[in-house]
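Have a look at the structure below, then the notes.
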Amino acid sequence: MESDTLLHVANFSTLFVCMVLKFPQIFVLMRAKTSAGVSLNSLLLELVGYIVFVTYQMYYDYPPPTYLEYPILIAQDVILLLLIFQYNGCLRQSLIYTLLFVGGWRLLTVDKLVIDTAMSLCTFISAASKFAQLQCLWKSKDAGQVSALTWALATYTCMARIYTATVTTGDMLVLVRFIVMTLLNVWVLLTVIYYQRQRGSHKKED
């Protein structure tokens, strides 16, 4: 009974957090009218990872509570991408990316081998998205408009999903993905906090 309660808490808290996970980042971009510090490549790779993951879960009829947050995250990533395209003056490119993503999503369900292969690469794709954001931070040495709160919330959801995946499906591909994502999210979060504090100390000196 206790484990069932904990599972429900983990599922619903993750769903609730994911409903607002990208909001801090969206609000920061809208307020600043610039996407400085936010990696476009990171967001694109993250979106690919989300699409592959949720398609895999649906293909194998996994319990909906274990992946319900992903359509919400996909929608929020789309909003972020549109904002970045707009502030970078290349909004028309969003149509090309939309066609590529929809076409790729359709290809995933053509055959079991395709979705299994895509899922085996999903961890690498999602990890690459985190490294793209880290590279952007290292290059600029400034957190820019990156929201630390968004990365903190992402870390929590991945940690919660380690537990839910262990209790429900035990799928090692899924578990490895969430463990890797947790570690990388923490890395990005600490990097963002480090550069934000550096910028704050420089402002005080000025």
Side-chain angles (χ1 to χ4, degrees), residues 17-53 69-70 72-98 100-101 104 121-159 161 176-206:
V17 169
C18 285
M19 287 174 70
V20 297
L21 193 149
K22 302 283 184 174
F23 281 19
Q25 186 64 78
I26 290 170
F27 293 149
V28 167
L29 290 186
M30 289 175 70
R31 185 171 62 248
K33 305 292 183 186
T34 175
S35 60
V38 181
S39 169
L40 174 61
N41 290 334
S42 174
L43 266 176
L44 290 170
L45 288 167
E46 182 178 73
L47 189 56
V48 170
Y50 285 164
I51 291 171
V52 170
F53 186 77
E69 70 269 20
Y70 281 88
I72 299 169
L73 289 172
I74 289 170
Q76 292 178 53
D77 264 2
V78 168
I79 294 170
L80 272 174
L81 283 169
L82 288 174
L83 287 172
I84 290 174
F85 284 132
Q86 182 180 346
Y87 297 142
N88 290 348
C90 50
L91 192 57
R92 290 181 180 179
Q93 288 185 17
S94 61
L95 181 59
I96 299 170
Y97 283 109
T98 300
L100 288 173
F101 277 116
L121 296 172
C122 187
T123 299
F124 296 103
I125 294 168
S126 297
S129 78
K130 312 302 179 188
F131 279 114
Q133 182 58 63
L134 282 166
Q135 187 179 32
C136 186
L137 291 167
W138 294 333
K139 188 177 179 179
S140 65
K141 297 188 183 302
D142 183 8
Q145 307 308 319
V146 182
S147 169
L149 179 56
T150 286
W151 286 98
L153 293 173
T155 301
Y156 168 76
T157 60
C158 283
M159 291 173 66
R161 282 306 178 209
V176 168
R177 180 183 182 277
F178 282 127
I179 291 169
V180 172
M181 290 305 97
T182 298
L183 295 174
L184 290 177
N185 281 338
V186 169
W187 192 357
V188 176
L189 173 61
L190 293 176
T191 305
V192 170
I193 292 172
Y194 171 75
Y195 284 126
Q196 284 180 344
R197 285 185 175 176
Q198 266 204 335
R199 185 172 59 179
S201 64
H202 289 326
K203 283 182 178 178
K204 285 180 181 178
E205 288 173 8
D206 293 341

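Values in this document were obtained by computation on a predicted structure and should not be read as measured data.
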Side chains of [X] and [Y], heavy atoms from C-beta outward: is any pair under 4.5 Å?
| X | Y | value |
| --- | --- | --- |
| Glu69 | Thr157 | no |
| Phe124 | Arg177 | no |
| Phe101 | Leu44 | yes |

Got a second to check how far [X]'s [atom1] is from [Y]'s [atom2], nearest 0.5 Å?
| X | Y | atom1 | atom2 | value |
| --- | --- | --- | --- | --- |
| Met159 | Leu183 | CE | CG | 10.0 Å |
| Arg31 | Ile26 | CZ | CD1 | 13.0 Å |
| Arg161 | Tyr70 | CZ | OH | 7.0 Å |

Using every non-hydrogen atom in the two residues, find where [X] and [Y] come nearest and quote the distance to one decimal.
| X | Y | value |
| --- | --- | --- |
| Ala148 | Leu189 | O-CD1, 3.3 Å |
| Val52 | Cys122 | CG1-CB, 4.0 Å |
| Tyr50 | Ile74 | CB-CG1, 3.7 Å |
| Asp77 | Glu46 | OD2-OE1, 2.8 Å |

Next on the checklist: Show every ring pair (Phe, Tyr, Trp, His ring centres under 6.0 Å) that has at least one partner inside residues 21-41, sequence neighbours left out.
Outcome noted: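 Every pair satisfying ring pair (Phe, Tyr, Trp, His ring centres under 6.0 Å) with a residue in residues 21-41: Phe23-Phe27.
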Checklist entry - side chain to side chain contact (heavy atoms under 4.5 Å, CB included) with Leu153: which of Thr155, Thr150, Leu149? => result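 For Leu153, the side chain to side chain contact (heavy atoms under 4.5 Å, CB included) test succeeds with only one of Thr155, Thr150, Leu149, which is Leu149.
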Checklist entry - Between Asn185, Val192, Leu190, which is the residue that forms a side chain to side chain contact (heavy atoms under 4.5 Å, CB included) with Val188? => result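 It is Val192; the other options fail the test.
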Next on the checklist: Run the side chain to side chain contact (heavy atoms under 4.5 Å, CB included) test on Ile79 and Lys22 for me, step by step, so that the C-alpha distance in whole Å, both residues' side-chain angles and the decisive distance to 0.1 Å come before the verdict.
Outcome noted: CA-CA 9 Å; Ile79 294 170; Lys22 302 283 184 174; over 6 Å; no
Checklist entry - Do Phe131 and Trp187 have ring centroids that are under 6.0 Å from one another? => result yes
Show me the side-chain donor-acceptor pairs of residues 82-96 shorter than 3.5 Å, one per line, residues at least two apart or across chains.
unit_1	atom_1	unit_2	atom_2	d
Asn88	OD1	Ser35	OG	3.2
Asn88	ND2	Ile84	O	3.4
Ser94	OG	Leu91	O	2.5

